S.K.: 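Mind looking over this structure? Questions follow.
Because the structure is predicted, anything quoted here is derived from the model rather than measured. Just so you know, ligand 1 is whichever comes first in the structure, and atom 1 is the first atom listed for that ligand.
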Amino acid sequence: MTQLSIDASPWWQSATGYQIYPRSFCDTNGDGIGDIPGIIAKLDHLRDLGIGFIWLSPVYRSPMADNGYDISDYRDIAPEFGTLADFDRLVAEASARGIRIVMDLVVNHSSSDHAWFHAARASRDAPEHDYYVWRDPAPDGGPPNGHQACFGGSAWTWVPEVGQYYLGHFSPHQPDLNWQNPSLRREIYDMMNWWFDRGIAGFRMDVISLIGKDVDAGLYEEGPYLHGFLQDMHREVLEGRDSVTVGESWAVSTDTALLYCGRDRRELDMVFQFNHVVEGWDPVHGKWKPRPFDLVAFKRVLNDWQAALANDGWNSLFLSNHDLPRQVSKYGDDGAYRVKSAKMLATVMHLMKGTPFVYQGEEIGMTNAAFTRIDQFRDVETLGHYAEEIARGVSPEAFIAGANANGRDNARTPMQWTGGTNAGFTDGTPWIEVNPNHGQVNVEADRADPNGVFAHYKELIALRKSWPAMVHGTYRPVAEEDGSVFAYLRELNGVRLAVVANFKGEDTQFDVPDALRGSGRCLISNDIPRERLDGRITLKPFEAFVLSIGG
Ligand code: TEU
Ligand code: CA
């Protein structure tokens with residue numbers, strides 16, 4: 001890439017994103033629920049970290065069946081989170097610190113409490129009826145087909161008033177919107193433009209790969225209408241804006257990625273893909289039965305994505321979000337090597353080509369929860385599947401073990417600000433229990449430690465701003481069959497960055513591949529800085545470093 005094209009590259013390529021799950025971030029009024037004033041109160045923490053934008057999980061008005069991923073008014077803020085005035089203040093205060101706000105766009109479905117759905121379920125003649133997906137019963141009166149909802153049970157719910165079933169791909173509280181209806185699409189585009197006019201910088205689009213579904217053909221993910229609708233949305237909303245869009249897709253693969261984010265497509269800027277996440281799930285039992293971590297397979301997935309988007313499109317880089325376990329628990333060691341392995345994972349992810357996303361608490365190495373009773377869980381998905389799995393004969397202990405390993409509540413325990421009561425998250429009773437390790441793991445303690453996790457993230461994010469090779473350099477994987485070490489080379493205009501990371505909690509021998517040989521400056525390390533890469537080296541447990549070689 002030439003210097004000119006680098007200078008013209010969009011801001012979101014060199015920025016780092018930070019995801020906030022508002023309910024669990026910071027509570028200012030003692031109701032036990034995080035709120036927008038709480039986010040504003042903590043903006044200095046994010047400015048110090050150096051992030052460029054916040055992806056804010058939904059703050060819209062919602063009955064909170066799925067913590068806001070069930071919206072009852074797209075143009076208002078949930079009272080428990082604050083007001084539109086609070087939101088405007090957030091945009092302004094963030095902007096004053098050089099931080100943009102990216103909202104979550106949840107338009108595959110609304111809440112069953114949305115005014116549209118109230119009208120839709122009351123009469124077939126209401127214009128809003130067709131905003132949702134209705135089908136007649138099967139000949140026996142049962143649901144039109146056997147499609148199961150993501151959070152358990154049938155995806156179809158009977159409404160006697162209209163004598164039809166509606167589709168709720170996730171749950172009955174989340175009726176699917178019918179994107180085939182042009183008025184519905186118009187409503188959504190107008191709403192998006194309304195938020196842009198309020199000063200937001202873009203959208204993360206929830207399960208966007210579902211909007212083009214063909215229900216009767218049984219096609220849900222990446223259905224036949226998907227890209228037509230995304231191009232339509234681009235024309236009506238995104239064209240000409242200096243915005244960023246990231247579409248969430250559990251179905252996207254390296255084969256389909258460029259259909260969303262190829263430069264000539266006029267759809268989205270990036271996708272959140274999950275191939276590397278699902279790789280760690282049981283092929284039959286899914287997330288509830290995780291399989292042992294396989295570094296070679298994990299690298300293969302990420303390396304394939306780097307290759308697929310090498311010259312077109314752009315990767316999003318993440319291991320964590322509000323639906324996933326804490327990364328240090330999942331891929332590192334949340335015991336003796338918590339700090340060191342958290343830094344190692346961050347180094348590997350931030351040095352790849354793409355835009356890194358940090359999930360709240362990741363920057364201090366927060367860990368999974370270790371719940372022992374089902375009543376400690378809050379997540380609609382976990383509770384829905386619990387009922388189903390128990391009915392199927394799975395023991396509660398086995399299910400809870402799976403939920404502790406992979407469940408969504410791991411990421412949703414409150415942000416640990418201090419070692420004090422409720423980790424400084426709330427003066428009241430938190431809506432979900434605080435992780436008991438907050439005495440050791442908290443922002444105050446970690447930031448006070450020059451060798452803390454925060455310091456390492458801050459350094460990575462700063463490096464990104466001064467090393468164009470980190471953002472735009474080519475990516476070349478090495479030692480792909482090595483089951484312990486993740487290593488690669490980034491290269492731009494003669495600048496070569498060698499990245500080496502030991503995924504094992506023990507000393508590991510590593511034969512330095514030719515491509516990485518050389519000596520130079522150590523840009524970042526979680527151990528004693530190295531200056532030379534040659535021959536066979538012994539990596540310390542979870543050691544990771546970046547060396548600028550030969551330049
Ligand atoms: O998640 C999409 C989704 O499919 C998840 O439910 C995912 O499959 C699951 O966590 C893995 O088992 C998005 C949001 O990120 C999630 O929080 C919402 O619950 C969901 O959509 C519905 O809006
Ligand atoms: Ca609150």
S.K.: Asp31: which N/O/S atom is nearest the Ca ion (ligand 2)?
M.R.: OD1
S.K.: Who's the nearest protein heavy-atom neighbour of atom 8 (O) of ligand 1, and how far?
M.R.: Trp250 CE2, 3.9 Å
S.K.: So which heavy atom in the protein is nearest atom 6 (O) of ligand 1, and how far is it from that ligand atom?
M.R.: Arg408 NH1, 3.3 Å
S.K.: How far apart are the closest heavy atoms of Ala403 and Thr382, and which atoms are they?
M.R.: CB-CG2, 4.0 Å
S.K.: What are the atoms of ligand 1, with element, lying closer than 4.0 Å to any heavy atom of Asp323?
M.R.: 1 (O), 10 (O), 13 (C), 14 (C), 15 (O), 16 (C), 17 (O)
S.K.: Find all atoms of ligand 1 within a distance of less than 4.0 Å from any non-hydrogen atom belonging to His109, and give their numbers and elements.
M.R.: 22 (C), 23 (O)
S.K.: So which heavy atom in the protein is nearest atom 19 (O) of ligand 1, and how far is it from that ligand atom?
M.R.: Asp66 OD2, 2.4 Å
S.K.: Main chain of Thr429, side chain of Thr426: is a donor-acceptor contact present, judged purely on distance under 3.5 Å?
M.R.: no
S.K.: How close do Ala15 and Thr355 get, counting heavy atoms only, and between which atoms?
M.R.: O-CG2, 3.5 Å
S.K.: Could you tell me whether the Ca ion (ligand 2) has an N, O or S atom of Gly34 under 3.0 Å away?
M.R.: no
S.K.: How about His129 and Trp134: are their ring centres within less than 6.0 Å of each other?
M.R.: yes
S.K.: Quick one: does Glu397's side chain have a donor or acceptor within less than 3.5 Å of a partner on Ser395's backbone?
M.R.: no
S.K.: Of the backbone atoms (N, CA, C, O) and the side-chain heavy atoms from C-beta on, which set of Glu221 has a member under 4.0 Å from an atom of ligand 1: side chain, backbone, both, or neither?
M.R.: neither
S.K.: Starting from the C-alpha separation in whole Å, work towards a yes-or-no answer on side-chain hydrogen bond (donor to acceptor under 3.5 Å, both in side chains) for His173 and His109.
M.R.: CA-CA 9 Å; His173 304 288; His109 45 269; over 6 Å; no
S.K.: For ligand 1, does Trp281 get within less than 4.0 Å through its side chain, its backbone, both, or neither, judged by non-hydrogen atoms?
M.R.: side chain
S.K.: When you measure from the side chain of His227 to the backbone of Glu222, do you find a donor-acceptor pair of N or O atoms at a distance under 3.5 Å?
M.R.: no
S.K.: Are any of the N or O atoms of Asp206 closer than 3.5 Å to those of ligand 1?
M.R.: yes
S.K.: Suppose I only count heavy atoms of Lys287 and a 4.0 Å limit; which atoms of ligand 1 are within that range?
M.R.: 10 (O), 11 (C), 12 (O)
S.K.: May I ask whether Trp288 places a heavy atom under 4.0 Å from ligand 1?
M.R.: no
S.K.: Would you mind checking which non-hydrogen protein atom is closest to atom 12 (O) of ligand 1, with the distance to 0.1 Å?
M.R.: Glu381 OE2, 2.7 Å
S.K.: Does Gln19 reach the main-chain N or O of Tyr359 with its side chain, forming a donor-acceptor pair under 3.5 Å?
M.R.: no
S.K.: Starting from atom 2 (C) of ligand 1, find the nearest protein heavy-atom neighbour and note its residue, name and distance.
M.R.: Val207 CG1, 3.2 Å
S.K.: Quick check on His385 - does any of its heavy atoms sit under 4.0 Å from an atom of ligand 1?
M.R.: no
S.K.: Which N/O/S atom belongs to Asp35 and is the closest one to the Ca ion (ligand 2)?
M.R.: OD2
S.K.: Just to confirm my output: which protein heavy-atom neighbour is closest to atom 4 (O) of ligand 1, and how far is it?
M.R.: Phe170 CE2, 3.5 Å
S.K.: Quick check on side chain to side chain contact (heavy atoms under 4.5 Å, CB included): which of Glu389, Glu388, Arg392 does Phe399 satisfy it with?
M.R.: Glu389
S.K.: Under 4.0 Å from any heavy atom of Glu248, which atoms of ligand 1 are there?
M.R.: 1 (O), 2 (C), 13 (C), 15 (O)
S.K.: OD1 (Asn29) to the Ca ion (ligand 2) to OD1 (Asp27): angle, nearest 10 degrees?
M.R.: 80°
S.K.: Has Asp409 got a side-chain atom pairing as donor or acceptor with Asp379's backbone, closer than 3.5 angstrom?
M.R.: yes
S.K.: Would you mind checking if Asp282 and Lys287 are paired as a salt bridge, meaning a charged N to carboxylate O distance below 4.0 Å?
M.R.: no
S.K.: Okay, side chain of Asp88, backbone of Ala85: is any donor-acceptor separation there less than 3.5 Å?
M.R.: no
